[in-house]
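Chain A is the first sequence line, chain B the second, and so forth, proteins listed ahead of strands; every chain is numbered from 1.
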Protein chains: 2
Amino acid sequence: MSARGRSRPTVAVQLREEIRTLIAELGLVAGDRVPSEAELVDRFSVSRPSLREALKLLEEDGTLLAVHGRGRFVSGRAMLSVERPITHFESVGAMAAACGYSLSSRVVGFETVPATERRAAMLGVEDGAPLLAVARIRGHEGRDLVYSLDLIACEGLGAIGEAADWADSVNSALVLRGIEPVMARAAASATHLPTEAAAKHGLEDFGPALLIEETAYTATGRAVLHSLVYHRGDAFRFSFARTPNAR
Amino acid sequence: MSARGRSRPTVAVQLREEIRTLIAELGLVAGDRVPSEAELVDRFSVSRPSLREALKLLEEDGTLLAVHGRGRFVSGRAMLSVERPITHFESVGAMAAACGYSLSSRVVGFETVPATERRAAMLGVEDGAPLLAVARIRGHEGRDLVYSLDLIACEGLGAIGEAADWADSVNSALVLRGIEPVMARAAASATHLPTEAAAKHGLEDFGPALLIEETAYTATGRAVLHSLVYHRGDAFRFSFARTPNAR
DNA sequence: TCTTGACAGACGTCTGACAAGTTAAGATGG
DNA sequence: CCATCTTAACTTGTCAGACGTCTGTCAAGA
């Protein structure tokens, strides 16, 4: 399965967004009834099956609740909508930009290390296999906001290049090598920076950090990147929705 | 919108589960091609539109990826599955139990306070309206693991009762009063305990805390509880999946 | 006042047809 | 023999139309 994207969204996907917009325009809130299928078919000039497919997407993502014989209703879930939730896969740079930070980045570590047993398991490589370790500090207006350590499996990577190639975005550097991380499995906890890193890079006043440790995968499920990202506690706040059936 | 459930699942919902089972039975993993629509129609003896609706559910929940003209494939998203992700709405006690902690709880603050402007907005009450503030410390085997402050709108609450009524679970206490929180909008950040709280309750060695600040809602979208929950950094780790289309 | 039946509205499911994208096999030309 | 083009087959995407089932409302009858 090559990672070729679709050039044009299907009617169903497009409609899903248009219905979302309509719900907002009509000012519908949790419990309110959505226009009927017949009305929506007229309004959007599409066939009923296509509309139903779009509605199915919205039912599955928790926006709508269908009741046979009565209609569809806005689910309370819709009001939990969060722009760029913690569950959104994106680069640290993009995330920070959305928070109003323009991050400049410097590489403070760039070496090849053998994979520990744990890291090997995370990245699906052999114990002891070579990993590229990139340590970076990113900041905004002279203030350090993020310390991160990225571990990339060298296997299949091709030429490693120079530290500067990886300074701004490890994701982008991987994409340039034909490896596109698109999703990740992550865990968050509160901690301090590693003592050694703090001392070595003058980060003693970093304060509590929100550590997100994550393994990133390509669309085909190949693990390509293991990151430990320490976000300065007083600079970042990650939003998300909590629901009973979240998986 | 009454919470009356449907007595019989639709064909689409039923099929969704049957297709999931089939994928597992066929041993399909990320990137593998799923049988075509025609094949599935034959196999499950349903109409094609119904099948497509079921497939739409699976596409929306990230299990499948459809490519026009080529077929559908098992998405790598399935491998990000996390048991009890941070996005799962549940009580702190239930979450901690899943982490192997049996929390005992003590109330260290119990009073009615007027809502600040921010809190009033969070809870959909008037500025200055009375809120019940419940401060608790929860621990396991003599070690304090969670400090929390819960703010509940007094309006519609009925009798407040005693502190002991709210000691174990604010959620449960609310349910007993006919108010069922079922979902929340939350944000996480790394911080220290409030200085005053730490000093007052002997929590100076709590260390970095993962603060989850959340507003809980009923199914109809009514905000009923605003909580600040400080999780001891070295005791808790919150997992989640990150995908490009996460909202 | 309560029960039952009819009716309208709404979702659920099906059949059939055509459109658009992909791939593999066969034909053709160099 | 190899490269390129064409075509048919396969697959998903979309549409039109019809019928089935469920829900709520209203009217009539007991």
Side-chain angles (χ1 to χ4, degrees), chain A residues 1-19 22-23 26 28 31-75 219-220, chain B residues 1-19 22-23 26 28 31-75 77 245:
Chain A
M1 180 175 85
S2 75
R4 229 176 356 185
R6 177 177 173 81
S7 56
R8 208 169 27 126
T10 61
V11 167
V13 169
Q14 214 170 336
L15 257 185
R16 181 184 63 189
E17 302 311 317
E18 285 173 25
I19 294 169
L22 178 66
I23 289 171
L26 295 179
L28 301 183
D32 287 348
R33 193 167 165 292
V34 173
S36 69
E37 292 179 3
E39 285 173 288
L40 293 172
V41 161
D42 284 344
R43 178 185 288 259
F44 293 113
S45 298
V46 293
S47 76
R48 190 169 162 228
S50 293
L51 174 78
R52 286 183 57 84
E53 287 187 20
L55 292 170
K56 275 291 176 292
L57 295 178
L58 290 164
E59 285 162 34
E60 182 64 24
D61 86 0
T63 302
L64 299 182
L65 180 70
V67 183
H68 190 178
R70 295 182 57 208
R72 281 181 179 84
F73 303 85
V74 176
S75 163
T220 57
Chain B
M1 181 178 82
S2 74
R4 226 173 2 180
R6 175 175 173 84
S7 56
R8 207 167 27 125
T10 60
V11 166
V13 170
Q14 214 171 336
L15 258 183
R16 181 185 63 188
E17 302 311 315
E18 286 173 26
I19 294 170
L22 178 66
I23 290 172
L26 296 178
L28 301 182
D32 287 348
R33 193 167 165 287
V34 173
S36 69
E37 292 180 3
E39 286 171 290
L40 293 172
V41 161
D42 283 346
R43 177 184 290 259
F44 294 113
S45 298
V46 293
S47 74
R48 190 168 160 229
S50 294
L51 174 78
R52 287 182 58 83
E53 287 186 18
L55 292 171
K56 275 291 175 290
L57 295 178
L58 290 165
E59 284 161 33
E60 183 64 24
D61 87 358
T63 302
L64 299 181
L65 179 70
V67 183
H68 189 178
R70 294 182 59 206
R72 283 183 177 83
F73 303 85
V74 177
S75 164
R77 170 66 178 81
N245 64 349

Contact under 4.0 Å: A:Arg52 side-chain N or O vs C:dG12 OP1/OP2: yes

d(CG, A:Leu51; C1', D:dT14) in whole Å: 13 Å

B:Val46 vs A:Glu39, nearer the 5' end of DNA chain C by closest nucleotide: A:Glu39

Pairs involving residues 39-52 of chain A, ordered by first then second residue, that meet salt bridge (charged side-chain N to carboxylate O under 4.0 Å, His left out) (sequence neighbours left out): A:Glu37-A:Arg48, A:Glu37-A:Arg52, A:Arg52-B:Glu53

C:dG12 phosphate, OP1 or OP2, under 4.0 Å from A:Arg72 side-chain N/O: yes

Contact list (N/O, under 3.5 angstrom) for nucleotides 4-8 of chain C vs protein:
none

Close side-chain approach of A:Ile23 and A:Leu58, heavy atoms under 4.5 Å: no

Interatomic distance, B:Gln14 CD vs C:dG12 P [rounded to whole Å]: 14 Å

Whole-Å distance separating the CG atom of A:Leu15 from the P atom of D:dG13: 14 Å

Interatomic distance where CD belongs to A:Glu37 and P belongs to D:dT21 [whole Å]: 17 Å

Test item: A:Leu55 and A:Leu40 side chains (from C-beta on) under 4.5 Å apart, heavy atoms: yes

Nearest-angstrom distance from the residue atom CG of B:Leu57 to P of C:dG12: 11 Å

For B:Val11, side chain to side chain contact (heavy atoms under 4.5 Å, CB included) partners two or more places apart: B:Leu15, B:Val46, B:Ser50

Which atom of A:Arg16 lies closest to which atom of A:Leu57, heavy atoms considered: CD-CB, 3.7 Å

A:Val34 side chain reached by A:Leu26 side chain, heavy atoms, under 4.5 Å: no

Non-hydrogen side-chain atoms of B:Glu59 and B:Arg72 separated by less than 4.5 Å: yes

B:Gly62 to B:Arg77 - nearest heavy-atom pair and separation: O-CB, 3.1 Å

d(CZ, A:Phe73; C1', C:dG9) in whole Å: 12 Å

Would you tabulate the pairs of protein nitrogen or oxygen atoms and nucleotide nitrogen or oxygen atoms of nucleotides 17-20 of chain C closer than 3.5 angstrom?
unit_1, atom_1, unit_2, atom_2, d
C:dA20, N3, B:His68, NE2, 3.0

Below 4.0 Å: OP1/OP2 of D:dC15 and any side-chain N or O of A:Ser50: yes

Selected nucleotide, minimal atom distance to B:Pro49 side chain, candidates D:dT11, C:dA10, C:dT15: C:dT15

Whole angstrom value for the distance that separates P of D:dT14 from CG of B:Leu55: 14 Å

Phosphate contact (D:dC10 OP1 or OP2) by B:Arg70 side-chain N/O below 4.0 Å: no

With sequence neighbours excluded, residues passing side chain to side chain contact (heavy atoms under 4.5 Å, CB included) with A:Asp32: A:Leu28, A:Val29

Test salt bridge (Lys or Arg N to Asp or Glu O under 4.0 Å) applied to B:Glu18 - qualifying residues, sequence neighbours left out: none

Protein-nucleotide distance (B:Leu40, atom CG; C:dC14, atom P), rounded to Å: 14 Å

Short side-chain N/O contact from B:Ser47 to OP1 or OP2 of C:dT13, under 4.0 Å: no

